[in-house]
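The structure appears below as structure tokens.
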Amino acid sequence: MDANEIMVIAMFISFIALLFTGIPVAWVLGGIGIIFAFIGQFADNNLDTITGLDYTTLGLVVNRLWKIMDNWILVALPMFIFMGIMLDKSGVAEKLMKSMQELFGRVRGGLAVTVTAIGIILAASTGIIGASVVLLAVMSLPAMTKQGYAMPLALGTIASAGTLGILIPPSIMLVIMADQLGLSVGDLFMGAVFPGLMLGGMYIAYILTYGFLKPEAAPIPADAKPVNMTTVINVLKAVLPTVLLIFVVLGSIFAGVATPTEASGVGALGATLLAMYNRRFNFKVLKEVMAGTMNTTAYIFAIFIGATCFALVLRELGGDELIESFLTGLPFGPYGIIFFILGIIFLLGFFLDWIEITLIILPLLAPVISALGLDINGYGVVDNPELVWFVMLVAMALQTSFLTPPVGFALFYLKGVCPPNVKLTDIYKGVIPFIILQLIALLVLVFWPQLVLWLPANAYS
Amino acid sequence: KNVLLKTPIAFGSHLPALGTPIVWVADQLKLVSDGSLKMKVYEPGKLVSPKEILGAVSSGKVNSGYATAGYWQGKMPAAALFSAVPFGPEAGEYMAWMYYGNGLKLYQEMYDSNGYNVKVIPCAIISPETSGWFKKPIEKPEDLKGLNMRFFGLGASVMEKLGVSTTQLPGGEIFGALEKGAIDASEFSQPAIDQRLGFQKIVKYNYFPGWHQQATIFELLVNKDTWGKMSKGQQAIVENTCKASMTNAIAEGEAMQFPVMQKAKESGVEIRYWNDEMLNTFRSAWDEVAAEKSAADPFFKKVWDDMSEFRKGYDLWESNAFLPRTR
Amino acid sequence: MTENESLPSVPLSDMIDRFIQRIGVTVAWCYVLLVLVIILQVILRKGFSNGLVALEELQWHLYAIGVMFGLSYAQTTNSHIRVDLFYSHFRAKTKHIIEILGILILVLPFVVIIFLHSLDFFYESYRINESSESPSGLPYLWAMKGVIPVTFGLLGLAVLSRLYRDVVLLFRGE
Ligand code: NA
Ligand code: NA
């Protein structure tokens, strides 16, 4: 093992070790990047390495930081956070949740099912994970707490439903994957529709089953009234503004009035108008929303910035080649290699986020997969069907990375908006069943590629 | 002394003609130099994103980079003229100006006079791009009014003059925007590359000729300190490998378009050629744009005048030497 | 709203934090502006078929300003995400020591190196009066690049404030 490889492994180990000290994740990533850059420079001078790392090279971090700023796609993130916080302050969320609660009052887990359903809708509108999780949490966590849901179930439902957006199109992750592998974005979007809906369906099935088996975890509120015509009309009245808002956001995308990025701005305005309509809007509320948006957006982007420093140094040290040469040397059969790769991605997902995995690992895997000679039926229409299918497997596996501790972004976003008495460990407990569901879904996709490929093959013909 | 060129690139190495040439260069450099020169290619964004390559090479954060000068228009307006020119020269004429006219000299002068510490070497050239994908046929200039179109570079100014509102979405976002109708039309690159983005699945009218990009040059930038430390022989190897790459890239680009166009046609895409009225409209709008840019930036004017002068002379040869094209 | 824990008061640090927070809440108006700019762009483009590249660019300018100034703001509200698996069980003294070491070894080197390099990055852009690479885009792109040194300067200040707070609290034994 040469010095570079030792440094790569040392980087990962020190990252994981330092995470548990409780120093902010962003600064651990950034700081380790800097330290190992200087270790690399020392190695170049004293050992026989060519890392090329030094103070000058570290300047690339600024160029990379600039690309995070100069990114039109990410504009949607603060806008959806704005929308989420404004909806929270507007009182609309309470109304919505309360009325939904009445409607589903007599169904065990009805409120959680509602959360998942709203999660699917949000996923179909943009799929900014952070924003979906934040919005769902502020809308539903107080209601679920009040209704006496088991905390793990409530938190797991929110985190998993919010994470659906990365799979259900439109999805930033699929766009980046298509770009990395030279695949059609359209094929990937279409390919993700059934897997995404399937996963959402599995969540709902799980929640209903769980509520049936363990009634105390998803209690029916004591004051649950039977559903009659008046309830339904009241519910419709209460739901209408929010549904209208979602329709405006979704509709502006599907009607072609706005791009997904712009739809986020439309949503933010819509939420503000709703607050005005409910007479909850005033200068103080606006200031709180602005400050909240700034704070939440900032701690998410701090991690982007730290991670970009870490990834730069990792690549300069040849961390990606290390992984590639290891994979190509595996002695398993085609499906063995696929399972191995998915397993690795699942494990990496514990510590890295999808951006790093998509940018570092995925390009190394594509040639490996193409070389396996798998006979995947693309109906003669889908280009590189085996890659489209494989990307969907990776996307499904990466879903888990949002939920797996210690570094799970959905968990962090959720923690950010939870009351202080909710610990990260509570959230960890809650997401375990949902991670298992994702793994089952992954297994289904491995053995049933048509679930991915049928729609892209037939959608455009 | 052995040299390792760490080379971030602006286009993924899987993209034919946009990205494949530099991989070929990396392979050849090692062979031709018997290992004394190595180039390590970094995919876009891996070390540094495409738009940051010039700054990173100039400051020595990396020692080389592969991009196209059009990316530096915001820094130096004239840069666009060294990558692709609307109604500009085809590959043969472009190379004639570059190597045997003043092109290359002006190209280097642009970087020097703007204080960039880089040596520039043209390192690939590709054949025409398509003029774009449209949802409806465009028969007359009025049909353009009110269109929302993705367009990049100097051509975007031309389209804006004609009442098109342009956006500059990155490659990966175009499909979604086009499908949802947030834009009505888009240009991106050559048929073989556009096909990978899937345009043919949702938009029917593919227009030619690509008046905005008849030929596109790609550049290898090398940090001047690194360049100075290389031996004369190593420098010649880099320059000549890049020159060979120009041949390789245009050959690859010319060979791969027609099968893709044939396939698109079979799946219902209408391949159309701009009528004379449209082409004339584009051209006169471009003339206005070129005049405005020349007035605004002295170095743009210098390059533009030199290129125009060369092309005026070349016209005598061009109009007599070649057979008319059949359609 | 997302203040994870409130730390005991240390006058000098409190003053610095308040100063940074005042800047933060002022800059936060950019998010309201961003909403308005997006709406304006949508209306212009769909309503009047006249979308503007300049407005598109203004969107990410506003977003970037918000994000970058937010870094120091979130530092003063102690909102940056921590893995609290063990951290939440540590004694106050242990937390202070970890915080001090973390800032000295990890955070300050990172912030200082980015700050120094960003000065150069900004100056290079200013020197050539860089504007958008899109012909109808916004001028003075260098001003946006100047946001990096300014905001990392503020972040450095916020980090030093936190360092001072933890040192004082450590010696005070709180
Ligand atoms: Na989505
Ligand atoms: Na994870």
Side-chain angles (χ1 to χ4, degrees), chain A residues 50 52 56-64 66-68 70-73 169-172 174-190 252-263 311-312 315-316 318 320-321 359-360 363 366-367 381 383-384 456 459-461, chain B residues 2 4-6 8 11-16 18-19 38 40 42-56 59-63 135 148 167-184 193-203 223 263 267-268:
Chain A
I50 339 173
T56 312
T57 323
L58 276 176
L60 285 174
V61 177
V62 177
N63 301 72
R64 291 162 68 92
W66 173 248
K67 274 343 251 189
I68 297 173
D70 173 6
N71 192 328
W72 199 48
I73 298 174
S171 147
I172 309 178
L174 294 179
V175 170
I176 293 178
M177 286 175 161
D179 180 54
Q180 287 289 308
L181 301 186
L183 297 170
S184 149
V185 181
D187 284 350
L188 292 190
F189 275 14
M190 286 299 157
S252 64
I253 297 175
F254 285 101
V257 175
T259 64
T261 303
E262 291 169 346
L312 171 74
R315 281 167 199 173
E316 296 260 14
D320 40 3
E321 283 101 337
L359 294 178
I360 301 173
V381 185
D383 300 319
N384 301 312
Y460 298 115
S461 49
Chain B
N2 291 356
L4 172 67
L5 293 176
K6 284 189 164 187
F11 305 94
S13 64
H14 59 274
L15 288 176
L18 291 181
K38 283 193 187 121
K40 188 171 174 200
Y42 291 89
E43 297 295 327
K46 256 189 136 181
L47 288 186
V48 67
S49 75
K51 301 287 172 59
E52 298 299 307
I53 287 174
L54 173 60
S59 57
K61 294 171 186 171
V62 288
N63 57 15
K135 287 193 170 164
N148 299 311
T167 71
Q168 40 180 355
L169 301 174
E173 257 201 88
I174 304 174
F175 184 91
L178 203 52
E179 188 193 15
K180 299 274 164 58
I183 55 175
D184 313 304
I193 297 157
D194 286 0
Q195 174 242 2
R196 286 171 166 262
L197 297 193
F199 295 161
Q200 70 282 357
K201 292 177 185 167
I202 44 173
V203 192
N223 179 278
K263 208 177 144 198
S267 62

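Model, not experiment: these values are computed from the prediction. In what follows, every chain begins at residue 1, and chains take the letters A, B, ... in the order their sequences are listed. Quick note: numbers below take in every heavy atom, side chains included, and nothing from hydrogens, waters or symmetry partners.
Most heavy-atom pairs under 4.5 Å with chain B: of the set A/Thr57, A/Leu60, A/Leu312, this distinction falls to A/Leu60. Between chain B and the options A/Val62, A/Asp70, A/Asn63, the largest number of non-hydrogen pairs under 4.5 Å is found for A/Asn63.
Shown here are the side chain to side chain donor-acceptor pair (under 3.5 Å) partners of B/Asn63, two or more places apart in sequence or in another chain: there are none.
A donor-acceptor pair is defined here as one N or O able to donate and one able to accept, closer than 3.5 Å; no such pair exists between the side chain of A/Arg64 and the backbone of B/Ser49.
A 6.0 Å sphere centred on NZ of B/Lys38 holds no more than 12 heavy atoms belonging to other residues, nucleotides or ligands.
B/Leu47 approaches A/Arg315 most closely through the heavy-atom pair CD2-CB, 4.3 Å.
For B/Ser59, the part sitting under 4.5 Å from any heavy atom of chain A is the backbone (N, CA, C, O) and nothing else.
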